[in-house]
Every structure is written in C-alpha cells, then in structure tokens.
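Only one structure is covered here, and it is reproduced in the block below.
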Amino acid sequence: MATHYDAIIIGGGHNGLVCAAYLAKEGRKVLVLERRYVLGGAAVTEELYPGFHYSVCSYVVSLLRPHIIRDLGLPKHGLQILPLECSFTPHLDGPGLCRWPSADKTRREISRYSKRDAEVYPRFGKAMGRMARAVKPIIDMVPPDPTSLNPFELMKFRTLGDVIRKLDDEELPRFVKMMTMSSADFLDEWFESDILKAPMAVSGIIGTFQGVRSPGTAYVLLHHYMGEIDGAFRAWGFSKGGTGGISLSIARAAQAFGAEILTEASVAEITVSGGRATGVALTDGREFTAKNVISSCDPKLTFLDMCGEKHFDDDFLGHIKRYRYRGSSGKVNLALDRLPQFTCRPGDGLHIRGDIAIAPSIDYLETAYDEAKYGQFSRRPYINVVIPSLTDPSVAPPGKHVMSCFVQYAPYDLREGPADWENQREAFGDTVVATLEEYMPGLTDSILHRQVLTPWDLEKDFGLSEGNIFQGELSLEQLFFLRPAPGWARYRTPVKGLWMCGSATHPGGGIMGAPGALAAERMLKERAL
Amino acid sequence: MPRPTPFHDRLQALCTSYAWKHWSGYYAVCHFHESPEREYNAIRQAAGLLDVTPLFKYDVVGPDAGRFLSYVCSKSVARLKRGRVTYLCWCDDDGNILDDGTCWRLGKESYRVTAAEPSLYWFEEHAEGFDVAITDITDTVAGLALQGPTSRDILRQVCDIDVDALKFFGVKKTTFKGGFKGHVTRTGYTGDLGYELWVRNKHALALWDLLMSEGKAFGIYPIGLDALDICRVESGFVLAGVDYTSAHGALTPAEKSTPFELNLGQTVQLDRGPFIGQRALKAEAERGSEYAFVGLDIDWVATEKVFAEYDLPPSLPAAAWRSLRPVYRGTRQVGRAYSGTWSPILKKNIALATVRADVASPGTVLDIEITAEYERRRVPAVVSALPFFDPPRKRA
C-alpha cells in the first residue's frame, strides 16, 4: 500500500469518477476513495428490497454533458439513457394537465384551461431554448477570476460578453428578468393558467430553500432548459438500471483508463504538511500519499472536517462557513405490487411514463414553503414522481414497479433541530403517501416496501451537508465565480495540492459531470500533476 | 390496394398515429404514436412486438430439397441440421445478389425459406430436374417478431418448448398456450435477443392477444417499422431495396451488388458443387471486390460546428433516414451512404454505406454530405466495423 499517486480523489460520486477518468485518461496515476460499499454518491442504485432497484437519491438525468459522454466513451461502458416521455400534473378535480413531446397534443391539453397559454407555450419554449443555448458556454467553462489582472483571465470575460451580445433586444431584458425575478412572477408575464404555471415554476425551487415567489428563482428555470440528450435541448431521461448506472459506467471508463477505485474507504483526514496536501488518512488507519488530493465532497466536509480550520485564513473560513446548504427536500422510494391508478386519468396509459408533478397550483407550492420556513415539513408537499420500471423493466420484478418520489419541502432545520428527523421520519413518509393517495387511491395498499430519506439522512448517509442535494444551494449568489467562495471558484483551494471537483464547484449540482471534468481540465492545464 | 395482415384489427386499434406504409402489398405500421422512440426503447430495454407477416415465405419440400437450395443459394444447406436456421442469399449467374433471407430445416426433406422479395418464379425456374415442391405460404402463415431483452421471459409464458434449449438460429415446433400450433425461430432483424413466431393465419389474433397479455409484466410494446429500422442500422443488417438493389430490379450494372460487396461474404461457400453465380463469385474472390459495405461514424462535433455556423443546434431526422448521400475521400467521391440513424444507445450518428474497397478499412476518415439550413456541407465520417451494436444477449 506504499504506492504514491498523482491524485487521490475523495468520493466516488459521479463527479469524482468523471474527474478520475479524465486524469487517468491522460496517464495519471489516480486513486478514488469511496466511503460507502457502493459507488455513485447521490447518483446511486441500490436493491433495498429484493428485486427492486431504487435510484435512491437522484432519479433523472438531463444535464450530463454530451462531450463527457463522448470523451469517456460511456455508452461502451454501459451508459443508457431512456427518455422521460411527458410531464403530468394530476388534479383532484378535473383531468389534470399532461405535456407531451407532441406540440399539438400539448396545445390541446393546455387549451382546456387557456387557449392563449396553449399558443404561448411553444413560444416560451423557443425563447428559453435560445437563451439556454446562449448561456451554455458558461456551463462548460472554468469560471474566470474577476479580480485577476491576467490578460488570459480577462479574455474569458469576452466569452461572457459574447453571450450577452448574442441576445437580441427582447432577450436581454428577459435575461435580466430571469436573473432577478421569482419563477412565479416570471411565468406570470407569460401565462395565465395556474395549472400550467405551477409545475413549471417548481423547476426554479428544486433543491433550494426558497419558494416559487422568492426572487432569483426564475434563473433556475433556465437551468432546466439546458438539459441535452442526444444534442436535443429540453430532454430528460432515466438511466438504465437506475441513476447508479451512470456512475458505474463512468467508473468502468475510469478503470479502463487505469484508475484505481476503492469502496468502503472512508477518509478521516486530508494530511497537510507545510501548507501542502500530501495525502489522506482513512478511518480504518490506512494512509495514502499523493501529489494532489481532490475532494468531490462539499466545502464543509472538505475544509472544516477533513482538513481542519487551522490551515485556512479567517477570510476564507468566513466564506466557507457562510456558504449555504439548507437542504429542503427529501426522498421517498416505494416498491409497488401493482401500477397506481390516478382518479383524474385512470388506466396505465402513457401519461404515467414521464414525470408526475404533484403541484396543482402556485398557492399550493407557496403554502408548502410557508410551513417549511418555520421548521416544519410541508403537510401537502410538492412531489415529483417517476415510475422508471415502466420504461426499464430491469429495475423491478415482472409486473411490479418502483416509484421514486422527490419531496419538497423537508427543511433540514426542523423547529426542534435537525436531529428530530429521527422522530419525524416516518410521519414525513406517511404525509407523502397520504398526499399521493389522494390522487391515486389504493396506492397505500400496493406498497411492498418504503424507504424514507430526510435531509438528516442525506447528510448522515450520503455526506451531503444539511441534506442539500446540490452540495450547496443553487442560488445566484452561490454560482459561477462565487461557487463555492469568491476567488476560489477555479477548483483550487488555499491549500496547495488540494482541489475541489464536486457539485459545490461551478457549474453546480445535477448529474452533469461538468465540475469533475472542469477540475481535471484545470489541473492538467496548471500542470499540477 | 394493399391488404391487411391477419393482425390488422389489433394494429389498427393501437395505431393512433395513422402512420402506415405499404410492405410487400400489406399495410404495415411505421410507428404507433408520435415517434418511434418509445418503440425503439421497448426493443432495447424490454420487448417489442412486430408484425412480420409480409415477409415472403416458401416451403421447399422433397427428396432433393436440400440439394436444390444449395444450388440456388450461394451457401450450401447440406450441413444444416434439423431444427436449425441459416442466413443466406441467392444470386444471378453473374454473382449479383437477388435477395437475402433465412432458411430453416424443419425435417429430413423439408425446409422453409423467407425472402424480402417475391422469389417463387426464380426458385421454380431453377427447380427443374430436382425432385422438390415449392409452395408459397406467404399469405397463409402469419409472423410476429418478439424482440428485446425480456423476449425470452415472455416466450416462456406462452409456449411449451424448453426456451433455454432453443439456441441462436434454432427453430422449434410448438403448441402455444391456448392449444394452437406454430413455429418459433430464434431469429430477428434487431440485433437483440429475440424470436420470431409463426402460426397459420387463423391463429394470428390469438397469438397476438396471448403475447400482449402475458408480455405486459415484461414491458411488451407493439412496434412499427421505424423503430425496427433504427435497430437494424445499429446492427449493420442490409435491407433489400434500400442498401442494395436486387439484380432483378436493377436498371444498370452499377446498381447491382455482389454478396462480397455487401459484407455478406459469410453467406458464400465457393468450393463445393455447382451453384448459381459460382463462377463469377469465385472470380471476384480471387480478384478482390471493388466495393465494400461499411459502417460510418459521422463526427458529431463537426456536425455541431457546421450547424453553429447557421446559429442552429444540430438537427437530426426523428427516424432513420433512407436517402443516397455521397461519401468522399478528399475531393474524390468514393461511395454512397444508403441509410443512417442517430443511435440512441450508442450516442452516435451512424450510417451504412458502400465505399470503394481501398478506403474501406476501419478507421479511415472519409467525408459525408449533410444538409444544414438548406446548404450542402461535408463532415468527417470514420469507417467503422459492423455491427455498430452487438450485445452478448444477441447470441445468448
């Protein structure tokens, strides 16, 4: 075990693995250390009930960068993305709303509620698509340092300038509005029907501790139009075999390039000597040395827990301590004996093969947030449901199904403190099932197994501080050259040889892989290894 | 007017897209809903069910049946055992391909041949002197292709054969649940795990209903020809009438091709008793072929760049395309692509092409014509070995 590595990567999530794969591809000697028995971090599949494979945390994919898929040859290593076909918003009264890939079908659905909205909808999509395309170069670039006088850094701002210049007279004001308005207000400028606005508005609040009426949330709408599958914008999909399938394909690619991966290898400490990271010590006493240590964990775990405060100045520590997590969501995974039936649209038709949003109105969503603000989980939360076994039968026994429910709001900080989640976990699960039961009578009776994950569990089991699914809120003040801290957005840290490559770095969370790839790019460019 | 296949009642009820085409004089579904995407995924992730009745089917029976087939086809069936199927083709005297299909050996003197184009006349014309009877059963036997990773599990529910004992390219007679009889072949045109099921027309609907109900738990989904087309391009299978023109239908010699030129060399057995086209094919084997059939992996980054010049995202046809596209090496045109598709499973833009033999080795970089915003452009395309997609379960 005396091997000396070029790079040790802490965390075998998708970003850690992407970073490892890129470095190994360039011939570097790389070791990945994963604390759990299984790879994937929050992009993980586990068989928690015999025959049922849950995408335990993250459950859909859209932002995985196409160039990463190509560079690492992921299809060869088993990556398969299956399309999510539609977006269904059931209602307790009325047929609900389903948005389909077919523009005509969608127009007809929306025109039940508003003929005007039905025609505006494709225009909105086009506007967002154009804007997403314009902004896309930002995702794929290492953030420039605004305080630098290096002409190469300043040149990068030209890219930003180009982005802005590309927007026309209508688009520029729209862009500014998106950066500042709430998603509900922004959508109000376009649409009149609540049933359409509500499921669209939630895109702006996923994973943040904000409501659909909180300013700044409109920008995140755009993030959701940036997804690409096969080069087509605005496409979401499942991974074959659950989201763990993505991580495993990246891991196989990394191994094929020569990276070593260890599971059940929990890092206790990043060893620092003379202001330089020299390796890691594991909880079981093993030690590894390397020229560079790259953490895919969030800043709290990396700097405060694994390194220790003594290696950083107060200024930096202040930023890291102020970096906001505030997990606001939970996850309920169900093993079902049979397909659920919606009262508003019975049958096992196509409408349940996409994502199903329990988001009947803007008020419903804002009310759910109100409760969370004061330390309670929402009594009637926003729930995003998918049933991947309909498209990918390999994740459940024949005729049975897995149902994945993303739930917001479940605030990390309960009124009685986060530890109270231990007492409230099952009540939270019951609330989610009861909410769904209103739309799908009989669901409760068909449940064979239930897994409830609260923010507290996400922190404990998955190393996501305060249970934030993006390793820190995706809000404007924590993006781009501010992520995770001003001056330290370029994957470097104040400790020499210590780097970051997780969702807490630009461009943030979601199964994108971009932070891992950009960190590797940066390290190679700086000849750090 | 095309006629309905025996499955038509069921297909019509499901085909909400009204997207039909004509296939050998029958109505065939292109895709059941807005796009073939879901059907494609059913084939690759669960199971797809496709009406293949329009394939031409012939029973070839008699003491000389084997000798006759070995004479007509470029491959000998002398070693084909009972219960086995082989893929083969037949050519004219000049070694130009007429058609390709499968040949099953059902008994000592009993074979069945499937074909893409009507072939009875050609077979009968060359049957003289052979003690053989050829019957066209195209209109009396209905066929369903059951293709995809869960197809074996479904088959297990619906018939009485030992499904695991039916090996790749095997055929077995069976009694289906419900009491009617038919054949199961471990064959397909998708490059996936799959079977084809054959019954007399009167049992067709019973077979369809049986598969759809027993297959539900395994994700069975009806599929049309568009989804099949994506799969067959991924699998590198040639399609008569698209990737090659039957010598019978070719207007000029240049339109004809030989099995060697279509990457079907494995269906040609030269050193044996006489067969139609033998002399020409032998000569070609010695001389070397002028053309080769290859895969092309069309450069995606270059495609994106071309479209970006027009400030557009790259756009691709929703289904597989079938149109001739010139292929270049430098300024010289060296071939043409016949069909292609975006491969969702490989995340590649691929095509099947005939190119000059000197530029056919895998890895050679050629250029293919694409159209971006009404303008003809060229992007690099790398010659790639076929098949593009070849999962272990295909032969399992």
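We name chains A, B, ... by the order of the sequence lines, and we start the count at 1 in each one. Here the structure is a predicted model, which means the values were calculated and not measured.
- Counting heavy atoms of neighbouring residues, nucleotides and ligands inside a 6.0 Å radius, atom CZ of A:Arg338 exceeds 12 of them.
- Partners of B:Leu366 according to the side chain to side chain contact (heavy atoms under 4.5 Å, CB included) rule, which considers only residues two or more places apart in sequence or in another chain, are B:Leu296, B:Val327, B:Arg329, B:Val334, B:Val355, B:Val359, B:Thr364, B:Val383.
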(request) Just do the side chain to side chain contact (heavy atoms under 4.5 Å, CB included) check on A:Ile81 and B:Lys347 with the steps written out, would you? (result) CA-CA 9 Å; A:Ile81 307 287; B:Lys347 304 248 172 282; 4.1 Å; yes
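- Counting heavy atoms from C-beta on, the side chains of B:Arg38 and A:Arg353 come closer than 4.5 Å.
- To the nearest 0.5 Å, atoms CG (B:Leu312) and CZ (A:Arg133) are separated by 7.0 Å.
- Residue B:Asp164 places its CG atom among more than 12 non-hydrogen atoms of other residues, nucleotides or ligands, all under 6.0 Å distant.
- Shortest non-hydrogen contact noted between A:Thr391 and B:Gln45 is O-CB, 3.8 Å.
- Counting heavy-atom pairs closer than 4.5 Å to chain B, the top residue among A:Pro398, A:Ser394, A:Pro397 is A:Pro398.
- Heavy-atom distances place both the backbone and the side chain of B:Asp311 under 4.5 Å from chain A.
- Residues passing the side chain to side chain contact (heavy atoms under 4.5 Å, CB included) test with A:Ala127 are A:Arg174, A:Trp190, sequence neighbours excluded.
- Interface residue A:Asp348: only side-chain heavy atoms are found under 4.5 Å from chain B.
- Scanning residues 216-227 of chain B against chain A with a 4.5 Å non-hydrogen threshold yields B:Lys216, B:Ala217, B:Phe218, B:Gly219, B:Tyr221, sorted by number.
- Taking CZ of B:Arg44 as the reference point, atom CG of A:Asp392 lies at 15.0 Å (rounded to 0.5 Å).
- Taking A:Glu85, A:His401, A:Lys240 one by one and counting their heavy-atom pairs under 4.5 Å with chain B, the maximum is reached by A:Glu85.
- B:Lys394 pairs by the salt bridge (charged side-chain N to carboxylate O under 4.0 Å, His left out) definition with B:Asp390, not counting sequence neighbours.
- For chain B, the nearby part of A:Lys105 is the side chain; its heavy atoms alone come within less than 4.5 Å.
- Using a 4.5 Å cut-off between heavy atoms, A:Leu350 contacts chain B through its side chain alone, with no backbone atom that close.
- Counted within 6.0 Å of NZ on B:Lys348, heavy atoms from surrounding residues, nucleotides or ligands total 12 or fewer; the atom is thus considered open.
- Across all their heavy atoms, B:Leu346 and A:Pro75 have their closest contact at O-CG, 3.4 Å.
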